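Note that ligands are numbered from 1 as they come in the structure, with each ligand's atoms numbered from 1 the same way. Bear in mind the structure is a predicted one, so any value in this text is a computation, not a measurement.
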Amino acid sequence: MTRPYRSVLYIPAANARAMEKAQTLAADAIIFDLEDAVAPAEKAGARELLARALLADYSGRARIVRINGLETEWGEGDARAFATGADAVLVPKVSRGSDLDRVAALVPDAPLWAMMETAEGMLNAAEIAAHPRLQGMVMGTNDLAKELNSRFRADRLPMMAGLGLCLLAARAHGRVIVDGVFNAFKDEDGLRFECEQGRDMGFDGKTLIHPAQLAITNEVFAPSEPEIELARRQIAAFDEAKAQGKGVAVVDGKIVENLHVETARATLAKAAAIAELAG
Ligand SMILES: CC(C)(COP(=O)(O)OP(=O)(O)OC[C@H]1O[C@@H](n2cnc3c(N)ncnc32)[C@H](O)[C@@H]1OP(=O)(O)O)[C@@H](O)C(=O)NCCC(=O)NCCSC(=O)C[C@H](O)C(=O)O
Ligand SMILES: [Mg+2]
């Protein structure tokens with residue numbers, strides 16, 4: 001069954017307390033960050049703290065390690081240190097498919113994830129998504145806004161071209177894709193608006209910076225009760241229509257064809273995966 005990735009929480013790998021706390025948080029996945037959330041003076045210590053933290057039990061949550069870029073003095077050591085022991089390695093600032101090749105060689109067994117956060121990366125999203133070792137993509141909307149010189153807008157109009165290109169690329173190649181962070185972690189209404197926008201666009205989930213963002217995000221990216229109930233009725237109605245030799249059913253005045261049944265089955269599978277993770 002496919003894992004859910006509704007909520008993907010960043011934790012600075014220099015913060016031992018936060019990494020411990022994460023063992024009991026309701027995040028679907030965790031990104032242990034060695035890159036931007038860790039100051040240069042803390043990089044070496046963070047690597048050691050993280051190696052210890054990864055021995056703990058995170059109750060089935062996906063554990064993803066964001067390494068420093070290979071152009072930095074820490075990148076290669078990070079990749080070697082976490083070639084095993086995590087569920088995936090997240091590569092920052094991926095601009096083209098070949099950026100993943102060197103990391104892939106250093107990390108032969110773990111799946112790779114790519115931070116999508118450069119202008120070049122947006123233009124090469126399809127090539128990046130096609131990389132054979134890639135499992136998932138993470139929007140880095142802070143870095144992207146910096147590169148674009150765009151202003152923050154609640155409707156994220158300046159981000160739409162990049163978000164759309166990456167989403168298309170991820171879907172074309174069957175990759176997981178999660179939306180960028182919402183920086184104002186005490187603004188619940190703003191977070192809900194952005195989660196709903198991301199969910200409506202088709203993202204699997206959202207990256208988060210604070211545990212206070214988990215509940216809203218998990219709620220918005222999960223199938224709602226009415227969606228689950230509708231999915232069940234669509235499947236039942238289609239099965240009945242099929243038994244009568246018809247290819248189309250009607251539910252609540254709307255047609256249900258094979259493709260809608262596939263979506264309905266995916267909704268039920270996602271709900272089941274969420275329930276399984278919750279235990
Ligand atoms: C944003 C923060 C610096 C706020 O920290 P703080 O003031 O300590 O928060 P609180 O006092 O409210 O914390 C309450 C308790 O929650 C724990 N905590 C806080 N944050 C996390 C977390 N991320 N994961 C797990 N636990 C967390 C605290 O330890 C407190 O616990 P307790 O002691 O039991 O009370 C801080 O939240 C933070 O550092 N967040 C992560 C920032 C980060 O990782 N940034 C980098 C990723 S964002 C990015 O780079 C995206 C991308 O690349 C782009 O370009 O867009
Ligand atoms: Mg970034």
(message) Assess the residue pair Phe203 and Tyr5 against the criterion (ring pair (Phe, Tyr, Trp, His ring centres under 6.0 Å)); give the C-alpha distance rounded to whole Å, side-chain angles, the decisive distance to 0.1 Å, and a yes or no.
(response) CA-CA 9 Å; Phe203 284 98; Tyr5 285 97; over 10 Å; no

(message) Using a strict threshold of under 4.0 Å (side-chain N to carboxylate O), is an ion pair present between Arg96 and Asp99?
(response) yes

Would you indicate whether the side-chain heavy atoms of [Y] and [X] approach each other to under 4.5 Å?
X      : Y      : value
Pro4   : Leu277 : yes
Arg153 : Pro158 : yes
Ile128 : Met137 : yes

(message) Need the atom name: nearest N/O/S atom of Asp143 to the Mg ion (ligand 2).
(response) OD2

(request) Tell me which N, O or S atom of Glu117 sits nearest to the Mg ion (ligand 2). (result) OE1

Tabulating one pair per line, provide the atom names and distances (0.1 Å) for every N/O atom of ligand 1 that is less than 3.5 Å from a protein N/O atom.
residue  : atom   : partner : partner atom : Å
ligand 1 : 9 (O)  : His210  : NE2          : 3.4
ligand 1 : 12 (O) : His210  : NE2          : 2.7
ligand 1 : 23 (N) : Tyr10   : O            : 2.8
ligand 1 : 23 (N) : Ile209  : O            : 2.9
ligand 1 : 33 (O) : Arg17   : NE           : 3.1
ligand 1 : 34 (O) : Arg17   : NE           : 3.3
ligand 1 : 34 (O) : Arg17   : NH2          : 2.5
ligand 1 : 34 (O) : Lys21   : NZ           : 3.1
ligand 1 : 37 (O) : Ile209  : O            : 3.2
ligand 1 : 40 (N) : Ile209  : O            : 2.8
ligand 1 : 50 (O) : Arg66   : NH2          : 3.1
ligand 1 : 53 (O) : Arg66   : NH1          : 2.8
ligand 1 : 53 (O) : Glu117  : OE1          : 3.1
ligand 1 : 55 (O) : Glu117  : OE1          : 3.1
ligand 1 : 55 (O) : Asp143  : N            : 2.9
ligand 1 : 55 (O) : Asp143  : OD2          : 3.0
ligand 1 : 56 (O) : Thr141  : N            : 3.3
ligand 1 : 56 (O) : Asn142  : N            : 2.8
ligand 1 : 56 (O) : Asn142  : ND2          : 3.4

(request) Please round to the nearest 0.5 Å and tell me the distance separating atom CG of Leu191 and atom CZ of Phe185. (result) 12.0 Å

(message) Which residue is it: Asp204, Asp179, Asp28? I am looking for the one with a salt bridge (Lys or Arg N to Asp or Glu O under 4.0 Å) to Arg6.
(response) Asp28

